[in-house]
Structure formats: C-alpha cells, structure tokens
Amino acid sequence: MITNFTKSNELRKKAHALIPAGGHTYTKGDDQFPELSPGFVVKGKGARIWDVDGNEFIDWGMGLTSVLLGHAYEPVLDVIKKELDNGCNFIKPSFIEAEVAELMIEQIPSAEMVKFAKNGSDGTTAAVKLARAYTGKDIVLRCVDQPFFSVHDWFMGNTVVDSGIPESTKSLTKNFKYNDIEDLKIIIDENKQQGIACVIMEPAATEEPNEGYLQSVKDLCEANNIILIFDEVVAGFRFHPKGAQYLYGVTPHLSTFGKSMANGFSVSAVVGKKELMELGGIQHDKERVFLLSTTYGGETHHLRAAQKTIELLNHNNYEVTKHIWATGKKIKDSFNKLASTLGIAQFMRIEGVDCRPHFVFLDKDGNLDMLLRTLFLQEMIKHGVMMQLVVPSFSHKESEISQTLEAFDKTLKVLQYAIENNKVIELLVGNPVKPVFRKYN
Ligand SMILES: Cc1ncc(COP(=O)(O)O)c(C=O)c1O
C-alpha cells in the first residue's frame, strides 16, 4: 500500500513558490489529484513511473496521451541518441525536415504540404490563421463538446478562463455541437453574414462520429466556402496511424497533429491542401501569411523521433494500434462489469472510444461527482495505479492490466462501501479535484 509522499509534499511547497500552478501543464496540477498522491515524477519506463519518494506506479496518463509506445522506448531513444551527435539546430534547415515532411504526406490522406512546430496549440492556431487569411473572413466555429484546442486567445476566449482576452477576440469564436448536423447548419446560417473562416473540430474525441456526419460537415463547409480543420492533435496516430481522417474516410482541408507523433517528444504539424498551405511559402506573389516560424520547429532529434515512431506504428499490420484499442476495451469492459456486479454502476462507468476511453463519476442525482472521482483516484494510487485518465499504450501489457484490474477490485469495494454508507467525504483525505476550466480557484 503506497502512503508515503513526504518528499513530494516538501517539493510541492517549493514548486508552487517558484512556478505559477507548481508546474507547466494545468492538467497535471495538484488540483487534478487527491491529496494522497505523488507530486513529482523521477523517471518512467514502459507504462510505469517512479516518484520522488521512490514509489512505483502504473501510469495511465502517458504524458497526457503523447506517449503511445511507452516511456523511454528504446527504439525511439536509439535514433534520438544517434542524431544528437550531429547537433540539433543550424543556420539552415536540416535535410531531415524534408524527409519527415515527405513521410507525413505519404502517411496522412489530406496532407499535400506540411509545417512542423513544437506543440499542438501553435498548430491549431496556425491552421485558424491560414483559414482566415485564405477566406478573408474572421469567424471561427468550434465544436463545443470537445474540451481543448489551443492555449491561444481565439480558443481560450471561448472558455470560462477568459481573463486577459479582449472582447473583440472572444466574439469571433462560436460553438456548435458534435454529431448534430442541424446545429451546425443553424450556426452557419446565423454567422454567414459576418463571414465564417473555418470549422474546427476533432474528428472524434469522447465519441465516434455518426454514420455520414463528418462527410455532411465537409459538404456543408464546401457549400459555404468554409475551411474544415480537423484537430488531430490527440486523435492522429492514436485512432489510426494514418489519422482519424483515414479511419472515418473524410479528409479535411487542413489538419493538425501533435501528441503521439513522436512518442512524447515535442513535435507537432499542420498539414493540408497545397492551395492553402503555400500561402505560408516564399515563392508566390500573393499576400504572405506568417504561418509557423519557430526557432525549434525543425529540431532534428525530435523529428527523428517522429520518423521512428511513425515507422513503428506502420509495422506488423498496425499491431500497436490494435493493441491500444484492445487494451482500452479490456479496461473499459472490466471496470463496467465490476461496477455492475457491485451494484454501483449508476454512479460510475468508463465510456468513450476504446483507444481513448474516459471515466464518468455521478452522484445519486446523476450530476458529475468530483468527490467520488477523487476517492477513486486516492484508492487507486494506494494500490500503485495513477489513473486520472485512461490512455492505453503499447507498453500496457498483461502485468500492467492485471495489476490495474486488481486495484479496480479493491478500490470499487471501498467506493461501494462509501456510497452505501454515505461515507465518501469521510474516507477522502483533503479536497476533491476541480475542473481544469474554472474561473476562480
Ligand atoms: C485536441 C487538442 N488540441 C490541441 C491541444 C494543444 O496541444 P499542446 O498542449 O501541445 O499545445 C490539445 C492539448 O491537450 C488537445 O487535446
């Protein structure tokens, strides 16, 4: 049973004094975990991580979906180590940039040109800018059922955490519902007059598209001269190595990739139609778009990591992808079956797409229950499993799965007792976790 977080707690004080939020990603923040939890990781290997107190955990967060193969995955590390001997950043682009761009074009159905960057936010923002430049319109329609597209103002201004963002920016982003083509039609009609640049959405996130939905979105966009952007920062390479756009058979005008494409190393990409992408080029006589220009965009060893990761994903009839989908399904089915056996299925379930499922914890009135979620996390951590998210990787093998199922068994029995005896608050140490997107702390 893991209960010692002494070093983590000392370091927490220091980190919060030095760094706003104590770290560099809100989703990894202390407010996302129970009080009895590790604060800092020392190392990871495969699907396991070790914290500063020496505790070992199975990691179901996997770098917030970025680590698809496993932590410190040798074949990827080998190419990185080799490339580092050649230096990583020069006065001219490395030849590797064109080599990996060519690979992306072979890989992703809608890719005719490619620009690399270091994070997904820059990618989606660049795609939005390109759509605005190409259409000469300003309005962005974004799918409201999908939680996150970018840290930049066009998106954050559309959330409750909109402090510091001008009204003029906020008013340019509007929402539509996923899998509801009638809703999109209405929003397009309402904003057509003002001028719509793009529709941006994940092709699939917490649910898969209904039959024909993505094609109808594309048809609607084309009928109204709107650029369709698929944000595949999470879906790309996880749902399918050729992107969710390949899996669902609908190609957008622009799309963005990031997490998973380099097994946790920092590479993202905007890809799309040449007609749009080349506005960012220097060989045309139209008005220029300052597309993506970053000092580190072509960092060689990270591009090598992407190249190797994509190569491995294409191996053996997509065995990595098959493993990920099967692992997610096993975890989902086992959890739901256990909850139902214990008679607590109305309070908790894992739902969503098998390659990227998610937890739902509910109170007796059917509202989201953060207390119950936190108690679940607390008990799983005691049994050596960090499961704030359900992110299956190629390194979640039999031993990780069976340890997780054993932890489910012990944890859900505690939850059953807590629910039946109204003791959730009593058993929870510290505060419940909070939503990432909230106006006040
Ligand atoms: C769908 C989606 N798009 C874009 C981003 C932004 O990516 P990054 O954190 O690399 O900027 C995220 C991050 O979680 C995401 O989930």
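Whatever order the structure lists them in is the order used to number ligands and atoms, beginning at 1.
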Is there any side chain to side chain donor-acceptor pair (under 3.5 Å) pair reaching into residues 263-281, and which pairs are they, with sequence neighbours excluded? Tyr134-Glu275
Do Lys174 and Glu190 sit within salt-bridge range, that is, some charged N less than 4.0 Å from a carboxylate O? no
Look at the rings of Phe335 and Phe408 and say which category their plane angle falls in: under 30° parallel, 30 to 60° tilted, over 60° perpendicular. perpendicular
Using heavy atoms and a cut-off under 4.0 Å, could you grab the residues that are in contact with ligand 1, chain by chain, numbers ascending? Asn119, Gly120, Ser121, Phe148, Phe149, Glu202, Asp231, Val233, Val234, Lys259
Ring geometry between Phe155 and Phe437 (parallel below 30°, tilted from 30 to 60°, perpendicular above 60°): perpendicular
Would Asp59 and Arg48 pass as an ion pair if we require N to O under 4.0 Å? no
Evaluation steps, salt bridge (charged side-chain N to carboxylate O under 4.0 Å, His left out), between Glu182 and Lys185: CA-CA 5 Å; Glu182 292 308 316; Lys185 275 185 197 158; 3.2 Å; yes
